[in-house]
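Step one of this worksheet: look at the structure below.
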Amino acid sequence: METRLLQILVCPVCKSALRHDRERQELVCAADRLAFPIRDGVPIMLPAEARSLDVAPAE
C-alpha cells in the first residue's frame, strides 16, 4: 500500500485516519474498531465489507 494513498484515505464512517495492517492486509480504524480489507492491492472502503474488531475471529 502506497504511503501517499494512506495519507489520503480516511474511515468512511467517521473520517478518522487509518492504520495499515500489512500482515492481515487491512486498513484499521481505531475510533470505530473496524478493519477494511485490501484485495489485490485495492482498499475496499465499504462499511458493509468492514470487519468489526470487537468480534473474535472465527477459527
Side-chain angles (χ1 to χ4, degrees):
M1 185 105 255
E2 286 187 37
T3 304
R4 184 175 171 144
L5 182 59
L6 281 174
Q7 293 171 345
I8 296 170
L9 289 176
V10 295
C11 175
V13 177
C14 71
K15 310 299 185 243
S16 65
L18 298 167
R19 176 184 55 83
H20 184 204
D21 183 341
R22 293 181 196 283
E23 184 178 310
R24 296 193 75 149
Q25 285 300 294
E26 296 176 325
L27 294 176
V28 178
C29 175
D32 290 320
R33 305 224 6 98
L34 294 173
F36 298 91
I38 301 171
R39 296 186 189 128
D40 297 323
V42 178
I44 310 300
M45 302 304 294
L46 300 170
E49 292 286 325
R51 176 177 66 85
S52 174
L53 298 177
D54 293 331
V55 178
E59 298 280 328

List for me each residue that meets side chain to side chain contact (heavy atoms under 4.5 Å, CB included) alongside Ile8, sequence neighbours excluded, and say none if there are none. none
Using the test side chain to side chain contact (heavy atoms under 4.5 Å, CB included), find all partners of Ala31 that sit at least two apart in sequence or belong to another chain. Cys14, Ser16, Cys29
For the hydrophobic clusters of this structure (ILVMFWY residues joined by side-chain heavy atoms under 4.5 Å, transitively), does one cluster hold both Leu34 and Ile38? yes
So which pairs with a foot in residues 30-44 pass salt bridge (Lys or Arg N to Asp or Glu O under 4.0 Å), sequence neighbours left out? Arg33-Asp54, Arg39-Glu49
Partners of Ala35 by side chain to side chain contact (heavy atoms under 4.5 Å, CB included), sequence neighbours excluded? Glu26, Val28, Arg51, Leu53
Cluster link Phe36 to Leu9, ILVMFWY, side chain under 4.5 Å: yes
Could you pull out all residues at least two apart from Arg4 that satisfy side chain to side chain contact (heavy atoms under 4.5 Å, CB included)? none
Hphob cluster co-occupancy, Leu27 + Val13, side-chain heavy atoms under 4.5 angstrom: yes
